Amino acid sequence: MPDEYRTVAGAGVHETEVNRSRFLCALAPAATEQEAQDFIAAVRREHADASHNCWAYVIGADASVQKASDDGEPGGTAGVPMLQMLLRRDMRYVVAVVTRYFGGVKLGAGGLIRAYGGAVGEALDTLGTRTRRRYRLATVTVDHQRAGKLENDLRTGGREVRDVRYGEAVTLEIALPDADVPAFRSWLADATAGTARFEAGGEAYGDA
């Protein structure tokens, strides 16, 4: 698993015009291939009267799923340059649909490649991206007497506290970079006089 990846900040649409043709690039985060396909279908329904609804998506932090469609444009002039732009920007878990309303002027293969790739690039710039970083999930179990101060120290120290559960003891679920685990264990022992229990869990991605 890569240490981090980038994705879109949220769903949105950005419009550009090239030689009287309108290009509307709709971007959205997609956790799965099914989510990407559902988004594409929704855009196609919304713009059923458009000349073309070309698309591309990248799923997986390691970009394991990459698909694209020219939707009737000359082969390799739409979906592929869109996909290449997503990959060039290190985008993951993202789907892009570029809707074209033909303006009466043919752009040629080179013009189409620039227009479709450019529409995605401009949309990414306008709508914004965010970085997701790989974290180690862990649980810290501590007595009630120390729990409040420990939680406060974690939050003020910039640690991500995902959940707090109260029982016979208090369990805090946290996320921290793998490289920080040894130093964190040492800090935790000092902060709780060795009374807290640390248990490392699996991995997940969170906002950097």
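Computed from a predicted structure; not experimentally measured.
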Check: Do Phe184 and Phe198 make the cut of ring centroids closer than 6.0 angstrom?
Finding: yes
Note to self: We want to know whether Asp178 and Tyr135 form a side-chain donor-acceptor pair, criterion being a heavy-atom distance below 3.5 angstrom.
What the structure shows: no
Next item on the list: Measure from the side-chain N and O atoms of Thr126 to the backbone N and O of Ala123, and report whether any donor-acceptor pair falls under 3.5 Å.
Entry: no
Note to self: Under 6.0 Å between ring centres: does that hold for Tyr5 and Tyr93?
What the structure shows: yes
Check: Using 4.0 Å as the upper bound for N to carboxylate O, is an ion pair formed by Arg100 and Asp71?
Finding: no
Next item on the list: Scan Arg159, Arg136, Arg185 and name whichever one has a side-chain hydrogen bond (donor to acceptor under 3.5 Å, both in side chains) with Asp180.
Entry: Arg159
Check: Just by modelled atom types, is the Pro74 backbone N or O under 3.5 Å from a matching donor or acceptor in the Thr77 side chain?
Finding: yes
Note to self: Ignoring hydrogens and geometry beyond distance, is a side-chain donor-acceptor pair present between Tyr116 and Glu73 at under 3.5 Å?
What the structure shows: yes
Notebook entry, point to check: Mind checking whether Val97 and Leu112 sit in one hydrophobic cluster, side chains of I, L, V, M, F, W, Y counted as touching below 4.5 Å?
Noted result: no
Next item on the list: Output yes when Asp143 and Arg197 qualify as a salt bridge under the 4.0 Å nitrogen-oxygen rule, no when they do not.
Entry: no
Next item on the list: Examine distances only and state if a side-chain atom of Thr7 and a backbone atom of Arg92 form a donor-acceptor pair shorter than 3.5 Å.
Entry: yes
Checklist line | Polar contact flag, side-chain donor to acceptor under 3.5 angstrom, His144-Tyr166 | finding: no
Margin query: Quiz question: by atom type and distance under 3.5 Å, do the side chains of Arg6 and Thr131 form a donor-acceptor pair?
Written below: no
Note to self: Quick test of your reading of the model: are Glu15 and Arg22 salt-bridged, counting only N-O distances below 4.0 Å?
What the structure shows: yes
Checklist line | Val8 versus Arg130, closest heavy-atom pair with distance | finding: O-NE, 3.8 Å
Checklist line | Glu35 and Thr32: CA distance, side-chain angles, deciding distance, side-chain contact (heavy atoms from CB on, under 4.5 Å) verdict | finding: CA-CA 5 Å; Glu35 277 188 28; Thr32 64; 3.5 Å; yes
Check: Between Glu173 and Arg162, does at least one N-O distance fall below 4.0 Å, as a salt bridge requires?
Finding: no
Next item on the list: State, without any angle test, whether Tyr57 and Glu33 hold a side-chain donor-acceptor pair at a distance under 3.5 Å.
Entry: yes
Check: Under the 3.5 angstrom rule, does the side chain of Asn19 hit a backbone N or O of Lys106 as a donor-acceptor pair?
Finding: no
Next item on the list: Please check if the side chain of Glu151 supplies one atom and the backbone of Ala147 the other of a donor-acceptor pair under 3.5 Å.
Entry: no
Notebook entry, point to check: In this structure, which one of Arg132, Arg134, Arg133 forms a side-chain hydrogen bond (donor to acceptor under 3.5 Å, both in side chains) with Glu4?
Noted result: Arg133
Next item on the list: Show your working on side-chain contact (heavy atoms from CB on, under 4.5 Å) between Val142 and Leu188 and close with a plain yes or no.
Entry: CA-CA 10 Å; Val142 68; Leu188 183 66; over 6 Å; no
